[in-house]
Q: 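This is the structure I have questions about; it appears just below.
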Amino acid sequence: MKEEPAKKNFFEDVYAVVRLIPSGRVTSYGAIASYLGSKGSARMVGWALIASQPFASIPAHRVVNRNGLLTGRQHFEEPDAMQRRLEEEGVRVENNQVANFTELFWDPAKELL
DNA sequence: CCAGTGACGGCTA
DNA sequence: TTAGCCGCCACTG
């Protein structure tokens with residue numbers, strides 16, 4: 001069975017941070033990547049979230065890009081699931097973009113400090 | 001083995 | 001200011 005390399009640790013780390021995101025808050029891929037020390041590899045965070053899809057315990061819908069755009073909504077079970085969940089938590093979303101993104105932004109390097 | 005793609009982000013023109 | 005390119009790392013074809 002193709003055992004996975006230590007790289008999996010990176011995935012677990014991403015999941016840990018995402019799970020710590022408070023309800024009604026959002027963060028960005030780059031913020032998580034930077035917090036993990038892999039700043040610049042925000043794409044890996046996104047890739048990790050794809051793997052987190054089967055894990056409902058991970059609020060991946062709280063993770064958006066630097067612009068606050070729900071870029072990954074197409075990867076959810078339903079394209080509208082991401083926006084719908086955010087609104088459920090009180091996050092206002094307009095045109096696939098999080099309103100007051102700057103206020104709702106949750107930086108693990110500062111909040112989770 | 002090599003090339004292209006991708007839930008991104010920062011820099012340069 | 002806006003638009004475009006490159007860079008990071010992993011996976012697929």
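Just so we're on the same page: letters track the sequence lines, and every chain starts at 1.
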Q: Measuring from atom CG of A:N65 to atom CD of A:Q97, what distance do you get when rounded to the nearest 0.5 angstrom?
A: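 Going from the CG atom of A:N65 to the CD atom of A:Q97 covers 8.5 Å.
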Q: Whole angstrom is fine here: how far is it from NZ in A:K39 over to P in C:dC6?
A: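 Nearest whole value for this atom pair: 22 Å.
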Q: What is the distance from CG of A:N9 to C1' of C:dC9, rounded to the nearest Å?
A: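 After rounding, the gap between these two atoms is 16 Å.
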Q: Nearest whole angstrom, please: distance from the C1' of B:dA7 to the CZ of A:R66.
A: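 Between C1' of B:dA7 and CZ of A:R66: 16 Å.
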Q: Distance check needed: B:dA7 P versus A:Q97 CD, whole Å only.
A: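 The answer, rounded to whole Å, is 18 Å.
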Q: In whole angstrom, give me the gap between the P atoms of B:dA3 and C:dC6.
A: 16 Å
Q: Rounded to the nearest 0.5 Å, what separates atom CZ in A:R66 from atom OG1 in A:T71?
A: 13.0 Å
Q: State which of B:dG6, B:dG9, B:dA7 makes the closest approach to the side chain of A:A60.
A: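 For the A:A60 side chain, the nearest candidate turns out to be B:dA7.
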Q: Quick one: which of B:dG9, B:dA7, B:dG6 gets closest to the side chain of A:T71?
A: B:dA7
Q: Separation of A:F11 atom CZ from C:dC11 atom P, in whole Å?
A: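 Taking CZ of A:F11 and P of C:dC11, I get 6 Å after rounding.
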Q: What integer distance in Å separates A:R73:CZ from B:dA7:C1'?
A: 12 Å
Q: Please report, rounded to the nearest Å, how far the P atom of B:dG6 is from the CG atom of A:L49.
A: 17 Å
Q: Side chain of A:Q53, heavy atoms from C-beta onward: which of C:dC9, B:dA7, B:dG9 has the nearest atom to it?
A: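 Selected nucleotide (nearest to the side chain): B:dA7.
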Q: Starting the side chain at C-beta, find the nucleotide from B:dA7, B:dG6, B:dG9 nearest to A:M44.
A: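 Selected nucleotide (nearest to the side chain): B:dG6.
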Q: Identify whether any heavy atom of A:S28 sits under 4.0 Å from a base atom; if not, whether one sits that close to sugar-phosphate; answer base, sugar-phosphate or nothing.
A: sugar-phosphate
Q: Could you tell me how far apart A:Q83 (CD) and B:dA7 (P) are, to the nearest whole angstrom?
A: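 Result: 18 Å.
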Q: Could you tell me how far B:dG4 sits from C:dC5 if I compare only their P atoms? Round to whole Å.
A: 15 Å
Q: Measuring only between side-chain heavy atoms, which start at C-beta, is A:V98 closer than 4.5 Å to A:L70?
A: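 Yes, at least one pair of side-chain atoms sits under 4.5 Å.
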Q: Rounded to the nearest 0.5 Å, what's the gap from CD on A:E89 to CZ on A:R25? Could you check?
A: 12.0 Å
Q: Rounded at 0.5 Å granularity, tell me how far CG in A:L20 sits from CG in A:L112.
A: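 If we round to the nearest 0.5 Å, A:L20:CG and A:L112:CG are 5.5 Å apart.
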